[in-house]
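Below you'll find the structure, written out as structure tokens, and then a few comments.
Every chain is numbered from 1 and lettered A, B, ... according to where its sequence line falls, protein lines coming before strand lines. Computed from heavy atoms alone, side chains included, the values below leave out hydrogens, waters and symmetry copies.
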Number of protein chains: 2
Amino acid sequence: MLKILVPKIVDAEARRQEVVHAVFRIIASDGLERASLREVADEAGLAVGSVRHYFASSDELLVFSFGVVVDRIVGRLESAMAAVEGEGSGSPEQHAAILSLLGQLLPLDEELAVDACVWMAFRNAARIKPVLAPEAERSHRAVAAVVGRLVMILNKESTGGQDADGQQALVNEAERLLATMDGLCMHALLHPEWMTARMCSDVLTAHLRSMESAAAPV
Amino acid sequence: MLKILVPKIVDAEARRQEVVHAVFRIIASDGLERASLREVADEAGLAVGSVRHYFASSDELLVFSFGVVVDRIVGRLESAMAAVEGEGSGSPEQHAAILSLLGQLLPLDEELAVDACVWMAFRNAARIKPVLAPEAERSHRAVAAVVGRLVMILNKESTGGQDADGQQALVNEAERLLATMDGLCMHALLHPEWMTARMCSDVLTAHLRSMESAAAPV
DNA sequence: GTATTTTTAGCACGAACGTGCTTCTACGCT
DNA sequence: AGCGTAGAAGCACGTTCGTGCTAAAAATAC
């Protein structure tokens, strides 16, 4: 009854992570709709019953996987945000750190591509499947918070943000940056041969430059 | 054998359109994965065999529906583009026409929302289903062409676009606008309570203003 | 009228899905 | 040793899906 199975629990958690990564691989290569229990079990080298031993239902597996990818993305963003705030305000190093932070949201390498693809798939699915809605909202809030802080940093030295109109302008800029990032991510996933990592970087730097030049003459 | 059944063809085409609109309604409310033959037949008030009489297979129905929504969107964009080019370059009327054109890509009313939702669903599905890829590429080319012309119009009076660097800058600006539009559309579909039509319009005008101010000091 | 073709409807099959349930193995604890 | 639980695997049921096929019904041609 009262069994302290610490190594057992660790093993179980590791197995869950293995299954979750099988889900990621399937979503990245064949899409979310192919992430069935049988496909996931095959990809993980297990039987359906074994997967169901760790996840009571298909929904629970998907929600848990969604949470894992959200944690990964948010974790990267927050450590990158620490790097941004560690640099001098307005310095070239901070500029590079900001670029690096936003790059975490784009499929610039294999690992980022898997996360971005899985994240996109779950967010889109959350429109239909209510069980995914809480995680989708959590990820949206977290990313929006980071981007909001970024916009405040970028517009710190300029006039604005004092009155209500300035606040609204900052919210608009944050939403605009957020939309551009998601659109860029989407294009990079849907047209990888055209929207290369270089193209993403160029568009991103252009956007940051336009934000800076637009912030000055308010 | 040699039967001239002009009204019959019209009727058949009308039926196909009815079925396609049933597909649209299902995708908008329940997602693309629920757009099965049985669901579509139910929504259209027909039997599965009847739907299959007009569309040989499920794939053919989906590809045809994709083409219809692409035609709708591209048609709206091109007529809006004619309105833009009919106005004086740089005039407030042209500015309004440009805003109206880009608004055609956003779910600002019920009809636009259905089209945008269906378009997004098919484009995302095209990453996995190769049969949808040609239509996805066609829509991408058409929209990119319109947005590219728009960027050229917006930067006509400014310096740039002469040398190779200027051309690349224009391409970057076009891709940036395209990404922002898709991201806005996506946010409006996923978070309609937050990304309202008013919010979309504000972000869009902010983006156009930033493009104008960024174009001048090249 | 009859004959032909389009239209509509339905059946049946195999495949894939989630899920409740049972079985077998192996290890930890008393 | 004996027991109990977690882990792993599999079976069976009902549902949904696409699709090949057949059959009634309606419209049109002769």
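Residues from residues 55-63 of chain B lying near DNA chain D, meaning a heavy-atom separation below 4.0 Å, are B/S57, B/S58 in numerical order. For residues 28-41 of chain A, proximity to DNA chain C is found at A/S36, A/L37, A/R38, A/E39, defined as any non-hydrogen atom under 4.0 angstrom from a strand atom. Near-neighbour residues of DNA chain C inside residues 122-130 of chain A, defined by a heavy atom below 4.0 Å, are absent.
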Worked verdict on A/M199 versus B/N172 for side-chain contact (heavy atoms from CB on, under 4.5 Å): CA-CA 8 Å; A/M199 192 77 180; B/N172 270 1; 3.9 Å; yes
Are there any protein N/O atoms within less than 3.5 Å of an N/O atom in nucleotides 8-11 of chain D, and if so, which ones and at what distance?
from, atom 1, to, atom 2, distance (Å)
D/dA8, OP1, A/R15, NE, 2.8
D/dA8, OP1, A/R15, NH2, 2.7
D/dA8, OP2, A/Y54, OH, 2.5
D/dA9, OP2, A/A47, N, 3.3
D/dA9, OP2, A/S50, OG, 3.0

Distances under 3.5 Å between nitrogen or oxygen atoms of protein and nucleotides 23-26 of chain D:
none

In a table with atom names and distances, give each donor-acceptor pair under 3.5 Å that connects a side chain of residues 53-66 of chain A to protein atoms at least two apart or in another chain.
from, atom 1, to, atom 2, distance (Å)
A/S57, OG, A/E60, N, 3.3
A/D59, OD1, A/K129, NZ, 3.0
A/S65, OG, A/L61, O, 2.8

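Heavy atoms only, all atoms of each residue included: A/R127 and B/C117 are closest at NH2-SG, 3.1 Å. Across B/L184 and A/A179, no two heavy atoms sit closer than the pair N-CB, 3.6 Å. Nearest heavy-atom pair across B/L108 and B/G103 is CD1-O, 3.6 Å.
Counting only residues at least two apart or on different chains, the side-chain hydrogen bond (donor to acceptor under 3.5 Å, both in side chains) pairs with a member in residues 66-75 of chain A are A/D71-A/R138, A/R72-A/E111, A/R72-A/D115. Sorted by first then second residue, the salt bridge (Lys or Arg N to Asp or Glu O under 4.0 Å) pairs that include residues 181-196 of chain A, not counting sequence neighbours, are A/R123-A/D182. Applying the side-chain hydrogen bond (donor to acceptor under 3.5 Å, both in side chains) test to residues at least two apart or on different chains, the pairs with a partner in residues 35-44 of chain A are A/R25-A/E43.
For the side-chain contact (heavy atoms from CB on, under 4.5 Å) test, residues two or more places apart in sequence or in another chain that qualify with B/E93 are B/E87, B/S91. The side chain to side chain donor-acceptor pair (under 3.5 Å) check on B/E33 picks up nothing, with sequence neighbours excluded. Every residue was checked against the side chain to side chain donor-acceptor pair (under 3.5 Å) condition with B/H140, not counting sequence neighbours, and none meets it.
Taking atom CZ of B/R16 as the reference point, atom P of C/dT7 lies 11 Å away to the nearest angstrom.
The distance from the NE2 atom of B/H191 to the NE2 atom of B/H187 is 6.0 Å, given to the nearest 0.5 Å.
With hydrogens and angles disregarded, no donor-acceptor distance shorter than 3.5 Å links the side chain of B/S201 to the backbone of B/A197. Under a 3.5 Å cut-off, the side chain of A/D30 and the backbone N or O of A/I26 do not form any donor-acceptor pair.
At least one side-chain heavy atom of B/R52 sits less than 4.5 Å from a side-chain heavy atom of B/L37.
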